[in-house]
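First the structure, in the form of structure tokens, and then the observations on it.
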Amino acid sequence: MLFSLTDSYSYSDVWFASLSIIAVVSMNEILKKFFLLTVLPVLLSFSESVLAVDSRLHEILRAGELRVATTGDLDPLSLFNPTREYYRGFDIDLVKELASDLEVKLTLVPVRWARMVEGVKHGRYDLTTSAVINMERAKWVGFSDSYLSIMTVPVILKKNKKKYPSWSSLNRQGVNIVVTQGGVFEQRARTYFPDTNIEPVQRPDDDYMKVIWGQSDAYLTSNLEALSLKSRFPNLIVVEDGVPEQVNMLAMMMPQGDQVWINYINQWLRLKEEEGFIDQLKQRWMPE
């Protein structure tokens, strides 16, 4: 109780206070009705219009086409055969399965690593095949959950094993390390080998072939591609001594603001892992 009649207030004061309380209550009721009848319908209408904005998922289903960007230069994930003009690899089988489950046509869009993030930002494709998650890319694009991880390794000629026995032996002036331009391995090379001459190249096969031809000392790539290269070219080996700690998680890149599409892909990946499909692809393309 705010006051009593035994306090030093007159009856006129009490009467005035009562009228003030009634006025406040009445004003609150007016404001409440105004909010319910005028403001709330506008807010609901706005939220419904926002929710009604189509996701890329719905655009794909309407168009009947899934556009996937891929570089075709990262064996055994995505490798393009220029003679027969087709792609093969872990990533290719993965997105084929996605298109099949969506019941749409799959269109593979050739792209270079240096232009991939820009293409995602401008909607030139719906997602990409596997790319390393890093914070620079995350400023501009969204990522799916990671389903694979790789290591960064240098590949050299077997005859140069004594010359380059460790990572530190590659980090000096006069050493040339070739990398694919615009990819994560170019960034890794500049981080791990600051004293070395880094040679970014664009066209696939120029990279590791420069090592085979003796034009470069090492080729920096993934442990998965290195495994494939060693099986194809017995004169190549991996420099294993002094490997730094590194995190290279792979995921699909997608438009950053489309959470519906990102959620769908994450749920799909989780389902494929539970079904054993992703393990089957690993066994096919990356047998130990």
Side-chain angles (χ1 to χ4, degrees), residues 68-79 87-98 111 113-114 116-117 120 127-155 167 170 177 179-180 182-193 204 207-208 218-231 236-254 256 262-288:
V68 179
T70 191
T71 59
D73 63 356
L74 194 60
D75 194 24
L77 301 178
S78 171
L79 191 66
Y87 290 88
R88 64 174 178 83
F90 173 95
D91 283 350
I92 306 306
D93 285 353
L94 187 65
V95 295
K96 281 181 179 178
E97 180 77 0
L98 174 60
V111 65
W113 287 109
M116 186 176 278
V117 169
V120 175
L127 50 74
T128 73
T129 50
S130 298
V132 172
I133 300 173
N134 63 40
M135 298 316 296
E136 182 58 34
R137 287 172 173 170
K139 293 176 183 177
W140 309 106
V141 301
F143 285 97
S144 71
D145 292 339
S146 177
Y147 45 84
L148 200 61
S149 63
I150 59 176
M151 296 284 289
T152 303
V153 296
V155 177
W167 281 57
L170 288 166
I177 296 181
V179 292
T180 303
V184 70
F185 298 114
E186 181 180 357
Q187 300 169 9
R188 295 286 192 267
R190 299 190 187 282
T191 299
Y192 296 142
F193 307 104
D207 34 33
Y208 63 82
Y219 168 49
L220 201 68
T221 185
S222 74
N223 59 314
L224 300 180
E225 184 178 23
L227 186 64
S228 175
L229 289 175
K230 287 194 300 179
S231 66
L236 294 178
I237 60 170
V238 170
V239 180
E240 299 178 348
D241 186 39
V243 178
E245 292 186 7
Q246 49 182 293
V247 178
N248 297 308
M249 297 186 300
L250 296 180
M252 298 174 180
M253 291 195 292
M254 292 173 284
Q256 194 175 55
I262 293 174
N263 289 345
Y264 177 86
I265 292 298
N266 286 340
Q267 293 293 339
W268 181 81
L269 287 170
R270 198 166 295 122
L271 177 64
K272 291 302 165 180
E273 286 179 346
E274 290 294 329
E275 292 177 349
F277 178 75
I278 291 180
D279 282 338
Q280 291 172 17
L281 291 187
K282 289 178 181 178
Q283 292 170 12
R284 177 182 179 186
W285 292 105
M286 294 162 260
E288 296 181 358

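Because only heavy atoms are used, hydrogens play no part in the values below, and waters and symmetry mates are left out as well, while side chains stay in.
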Donor + acceptor pair across side chains of S78, T70 (<3.5 Å) | yes
Between F185 and I150, which heavy-atom pair has the shortest distance, and what is it?
-> CZ-CD1, 3.8 Å
Test side-chain contact (heavy atoms from CB on, under 4.5 Å) on V153 and V243 and set out the steps.
-> CA-CA 8 Å; V153 296; V243 178; 5.8 Å; no
Are V120 and R137 close enough, and set up right, to give a side-chain contact (heavy atoms from CB on, under 4.5 Å), and what steps lead you there?
-> CA-CA 10 Å; V120 175; R137 287 172 173 170; over 6 Å; no
From CA spacing to verdict: side-chain contact (heavy atoms from CB on, under 4.5 Å), Y219, E225 = CA-CA 11 Å; Y219 168 49; E225 184 178 23; 2.9 Å; yes
Side-chain contact test, heavy atoms from C-beta onward, threshold under 4.5 Å: evaluate it for K282 versus I278 and give yes or no.
-> yes
P244 to Y192 - nearest heavy-atom pair and separation | CG-CE2, 3.7 Å
Enter the distance from Q187:CD to W113:CH2 here, rounded to the nearest 0.5 Å.
-> 11.0 Å
Where do L170 and A218 come nearest, in terms of heavy atoms and distance?
-> CD2-CB, 4.1 Å
Measuring from Q256:CD to F143:CZ, what's the distance to the nearest 0.5 Å?
-> 9.5 Å
Using 30° and 60° as the class limits, which term best fits the ring planes of F193 and W167: parallel, tilted or perpendicular?
-> parallel
Is it true that a side-chain atom of S144 and a backbone atom of M252 form a donor plus acceptor pair closer than 3.5 Å?
-> yes
To the nearest 0.5 Å, tell me how far L281 CG sits from K96 NZ.
-> 11.0 Å
Taking all atoms of both residues into account, what is the closest heavy-atom pair of T221 and A226, and its distance?
-> CG2-N, 4.2 Å
Say whether Q246 and N248, considering side chains only, have a donor N or O and an acceptor N or O under 3.5 Å apart.
-> yes
Between S130 and Y147, the two heavy atoms sitting closest are OG-OH, 2.7 Å
Considering only heavy atoms from C-beta outward, does the side chain of I177 approach that of P154 to under 4.5 Å?
-> no
Separation of L94 CG from L77 CG (nearest 0.5 Å) | 10.0 Å
Pair R270-E274, salt bridge (charged side-chain N to carboxylate O under 4.0 Å, His left out): steps then yes or no | CA-CA 6 Å; R270 198 166 295 122; E274 290 294 329; over 6 Å; no
I265 and side chain to side chain contact (heavy atoms under 4.5 Å, CB included): which partner among L269, N263, I262?
-> L269
Counting distance only, does the side-chain N/O of D207 pair as donor-acceptor with the main-chain N or O of T180 below 3.5 Å?
-> no
Heavy-atom check, side chain of V132 versus side chain of L250, under 4.5 Å | yes
From W285 CH2 over to L227 CG, what is the distance, rounded to the nearest 0.5 angstrom?
-> 13.5 Å
Using a strict 4.0 Å threshold on nitrogen-to-oxygen distance, state whether R88 and D75 make a salt bridge.
-> yes
What's the shortest heavy-atom distance between I237 and K230, and which atoms?
-> CA-CD, 4.1 Å
Can you measure from CH2 (W268) to CD (E273) and round to the nearest 0.5 angstrom?
-> 10.0 Å
Derivation of the side-chain contact (heavy atoms from CB on, under 4.5 Å) call for L98 and Y264 = CA-CA 11 Å; L98 174 60; Y264 177 86; 4.3 Å; yes
